[in-house]
Structures are given as structure tokens and as C-alpha cells.
Amino acid sequence: MAANRKPLERHRRIVIKIGSALLVDRKTGLKKSWLDAMCADIAALKAKGVEVLVVSSGAIALGRTVLNLPGGALKLEESQAAAAVGQIALARAWSESLSTDRIIAGQILLTLGDTEERRRYLNARATINQLLKLGSVPIINENDTVATTEIRYGDNDRLAARVATMVGADLLVLLSDIDGLYTAPPHLDPEARFLDTIAEITPEIEAMAGGAASELSRGGMRTKIDAGKIATTAGCAMIIASGKPEHPLQAIEAGARSSWFAPSGSPVTARKTWIAGQLLPAGSIAIDAGAEAALRSGKSLLPAGVRQVTGTFSRGDTIAILGAGREIARGLAGYDADEARQIAGKKSAEIAAILGYAGRTAMVHRDDMVMTAPAAARTGEEKNEKKGKLHA
Ligand code: GLU
């Protein structure tokens with residue numbers, strides 16, 4: 001049964017993501033009174049027994065103001081320097097502001113590897129859990145000073161979703177200047193309709209967020225929907241709301257416009273949560289409609305249903321599983337990419353002869369796999385293909 005939206009205070013653990021523009025004014029720097037009001041909202045939630053984590057952007061924006069860097073795009077090394085300067089100021093501001101509510105802040109700076117490598121993931125999770133146990137509020141950001149293009153999250157929406165799944169939060173709140181999801185960009189399309197509740201992130205919902213992530217859409221709706229997929233698959237609900245008013249959490253409680261994404265109905269194990277949220281799959285495997293149907297009914301992926309193997313991965317790496325051109329699942333590879341290519345499309349009984357040893361039967365075992373997208377409404381052509389297979 002689908003979960004229903006409930007008041008913020010009825011959650012156990014909430015991750016709140018705050019966009020740069022809310023915290024930093026390009027000319028005057030930190031928006032202190034906004035931050036103080038935000039901290040008061042956090043204190044009110046904590047007083048009700050809710051554990052709160054903050055993913056705060058703003059290091060680069062604040063640093064560039066302090067350093068008086070010119071407007072326009074920054075070079076990588078400039079934004080790294082800006083982050084180095086800005087992060088100190090940002091963490092200090094949070095710490096001071098929370099301390100007026102008698103709350104202790106702890107700073108955590110994460111790099112991509114800290115959530116994508118299992119050992120480091122478990123380590124980061126343990127530290128954050130310990131901070132929460134001690135009653136403090138973790139203030140989290142990407143470690144922008146060392147992150148380069150290849151090894152960075154790049155946006156705090158997905159980072160916040162990753163953190164939410166890592167700590168088993170039951171709600172992720174994305175605060176920015178956008179008050180929710182619309183059927184089309186509202187500033188471009190007067191017909192755009194606001195969506196109050198999103199029961200499931202279907203391909204149609206994804207289409208509303210616009211095309212693939214790009215430099216321009218960074219931090220826009222695209223990364224928010226990506227965040228929603230990571231969070232909801234792991235059983236964590238998500239809210240997109242405007243952070244513009246002071247006391248934005250109070251405003252949500254008072255009924256301000258916001259979009260709520262329902263958590264997926266089927267809770268998955270912590271291991272599967274980690275698999276599902278991996279941001280950088282090492283490769284991908286495209287499968288046919290018959291195999292997709294098998295996966296959806298809870299079966300493992302067999303080599304026979306594999307059409308194409310892309311990328312270089314080793315056994316045990318996380319790979320994306322694609323059905324009809326889009327990702328439908330994530331899983332741990334049962335074979336190295338080279339072997340996977342050799343046995344793609346082959347019957348399980350043929351594997352030993354091809355590889356020279358009797359491998360496992362599954363390309364991806366069902367225990368190591370999690371569905372990341374609901375079934376799409378199939379086109380007529382695909383339907384026939386599926387039918388043909390079943391009757392073959
Ligand atoms: N980590 C960046 C910062 O603190 C922000 C990334 C984002 O806005 O999504 O400046």
C-alpha cells in the first residue's frame with residue numbers, strides 16, 4: 001500500500017538539503033537572518049525527537065564573495081580555492097547559529113569514493129551515526145577542494161540523496177528556489193501544472209524534469225529527480241520545497257506549496273539500498289523484454305536474456321541493467337565484462353564450454369539486484385517482441 005504524506009515531526013530521521021542561493025547573497029555574503037531562522041526550525045524538529053542532518057551548499061558561492069572573484073563561470077582550480085575559503089566560513093556560520101539553540105554542529109566533507117566504495121561507505125556511515133547518537137547535527141558538503149570533474153558528485157541534490165540512503169533517513173527535503181515539480185518548466189509554459197504528490201517516478205515524470213543532466217541543468221530539476229530515484233527506491237520519501245521564505249520548514253508544515261515523492265512500497269535491505277544508489281556504475285548490460293519480465297517477477301538475470309554488454313567491469317562491480325534503452329535495475333556483476341560478452345545471449349548450459357569452466361548460472365543474481373524503475377508503458381512493437389519470445 002502506498003505511504004501517505006505525514007507532518008515533518010512524525011519522521012525519525014530527516015536530511016535537509018539547502019541550495020547555495022538560499023544561504024549566500026552574491027553581494028552581501030552570508031544571509032545570517034535566514035540561517036538563524038532555519039536553525040530555529042531545526043531546533044524545533046529536534047525538540048520533537050527528530051534526528052536532523054543538513055547537506056549545505058554554499059562553500060563556493062561564499063568563498064567567491066570573500067575572495068572577491070569576478071562573476072561568471074569559475075575555472076576548476078578557482079572554484080576549489082573558493083570552496084577552501086568558503087567552507088570554513090560556512091561551517092562556522094552553521095556552528096554559531098545552531099549553538100544559539102544549544103545544538104552542536106559537526107562538519108563532514110565527503111568525496112564520491114566515500115559513498116561509492118563499500119568499505120569507505122560503511123566508515124562514513126558509522127561516523128555520521130555516531131554524531132547523531134551524540135545529539136549533534138551533521139553539516140555535510142562535498143569536499144570540493146579536492147574533487148575534480150571525474151570524481152565529484154557535482155551537485156548536492158544527489159549527494160543529499162546518497163546521504164539519506166546511507167543513514168536510513170525516512171525523509172529528504174530539498175530546499176531551493178524551486179517550490180516543486182511541474183509538468184513543464186513554469187516560466188516557459190503557462191499551461192504547466194504543479195504536482196502535489198508523485199506516487200512513483202515513472203518515465204513520464206522523468207521527462208518533465210527535462211533531458212539528461214548537463215552543465216546547465218546542474219542543480220536543476222534533473223538532479224532533483226535523480227535524487228528522488230535514489231531516495232525513494234531505498235524507502236525514503238522526498239519533498240521539493242521553496243526555501244525562500246524564512247522558516248522554510250515551518251512554511252511546509254503550514255501548507256506551503258511543495259511536491260512530495262512517495263517512498264517505494266517495498267523496503268529493501270541495506271545492501272540493496274547501497275547497490276541502487278551507486279552513482280557511477282562501472283558498465284551496463286542491455287537485456288531483452290523477456291528477461292525484463294523475469295527480473296520484474298523477482299528472478300535472476302541469466303546470460304540468455306542479455307543483448308549487449310558495455311564498459312569494463314569486474315565481477316562484483318555495480319552495473320546498470322537496461323531494458324528498452326533505459327535503466328531499470330542495478331546489480332553486482334556475476335562475471336567480468338569480457339566473460340559477460342562471450343556468454344551474452346547464450347543458454348546457461350553452454351557457459352562451461354565457452355568459458356572453459358562452469359561459472360555461476362546468473363549474470364546478476366537476484367539477491368545482488370534491485371529494480372530502480374517501474375515498468376514502462378511498452379510500445380506495440382515491444383509488446384509483440386515479448387509475446388513472440390514467450391511463445392517461442
Ligand atoms: N558543493 C557546492 C558548494 O558548497 C554546491 C553544489 C551544489 O550547489 O549542488 O558550493
Side-chain angles (χ1 to χ4, degrees), residues 15-26 29-31 34-35 38 53-95 97 105-116 124 137-164 172-178 209-210 213-231 238 240-244 248 277 279:
V15 174
I16 301 163
K17 183 260 171 175
I18 294 164
S20 299
L22 298 176
L23 264 172
V24 184
D25 181 280
R26 276 295 265 282
L30 188 84
K31 298 186 187 169
W34 186 91
L35 178 60
M38 182 74 224
L53 300 90
V54 173
V55 172
S56 175
S57 301
I60 296 173
L62 203 51
R64 71 186 291 165
T65 315
V66 176
L67 290 167
N68 227 338
L69 294 175
L74 295 179
K75 293 201 206 83
L76 177 66
E77 58 275 21
E78 285 173 331
S79 53
Q80 288 177 320
V85 170
Q87 185 60 39
I88 296 186
L90 188 64
R92 178 170 169 193
W94 275 106
S95 174
S97 194
Q107 174 187 251
I108 308 252
L109 297 178
L110 294 173
T111 44
L112 194 60
D114 295 322
T115 57
E116 306 310 285
V137 171
I139 305 294
I140 302 164
N141 196 0
E142 176 159 21
N143 194 353
D144 291 309
T145 54
V146 294
T148 57
T149 321
E150 307 77 48
I151 55 147
R152 71 199 300 247
Y153 303 92
D155 65 89
N156 277 1
D157 293 328
R158 293 181 310 149
L159 169 63
R162 211 56 182 115
V163 166
L172 167 65
V173 181
L174 300 182
L175 295 178
S176 68
D177 48 6
I178 309 168
S214 71
E215 201 62 33
L216 283 178
S217 68
R218 170 167 299 163
M221 200 41 80
R222 178 71 253 173
T223 54
K224 292 185 172 45
I225 297 297
D226 286 347
K229 285 175 79 173
I230 295 170
M238 184 175 90
I240 298 179
S242 169
K244 281 188 193 156
L279 295 176

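Positions are given from 1 along the sequence. Indexing begins at 1, ligand by ligand and atom by atom, following the structure's order. Quick caveat, the model's predicted, so the values are computed rather than measured. The basis for the numbers below is simple: all heavy atoms, side chains too, and nothing from hydrogens, waters or symmetry mates.
- Every heavy atom of Gly19 sits 4.0 Å or more from the atoms of ligand 1.
- Side-chain contact between Leu174 and Met238 is present, with heavy atoms from C-beta onward closer than 4.5 Å.
- Close approach to Ile60 involves these atoms of ligand 1, each under 4.0 Å from a residue heavy atom: 3 (C), 10 (O).
- Two residues are said to be in side-chain contact when any heavy atoms from C-beta on lie closer than 4.5 Å; Met38 and Leu23 fail this criterion.
- Nearest-heavy-atom check against atom 3 (C) of ligand 1 across Asp144, Val55, Leu110, Asp155 picks out Asp144.
- By heavy-atom distance, the residue among Ile18, Ile140, Asn156 lying nearest atom 9 (O) of ligand 1 is Asn156.
- Residues Asp157 and Lys17 are paired through a salt bridge, judged by an N-O separation under 4.0 Å between the basic side chain and the carboxylate.
- Contacts with ligand 1 closer than 4.0 Å are made by side-chain heavy atoms of Asn141 only, the backbone lying farther away.
- Lys31 meets the salt bridge (Lys or Arg N to Asp or Glu O under 4.0 Å) test with no other residue; sequence neighbours excluded.
- For Arg92, the salt bridge (Lys or Arg N to Asp or Glu O under 4.0 Å) criterion is met by Glu96, not counting sequence neighbours.
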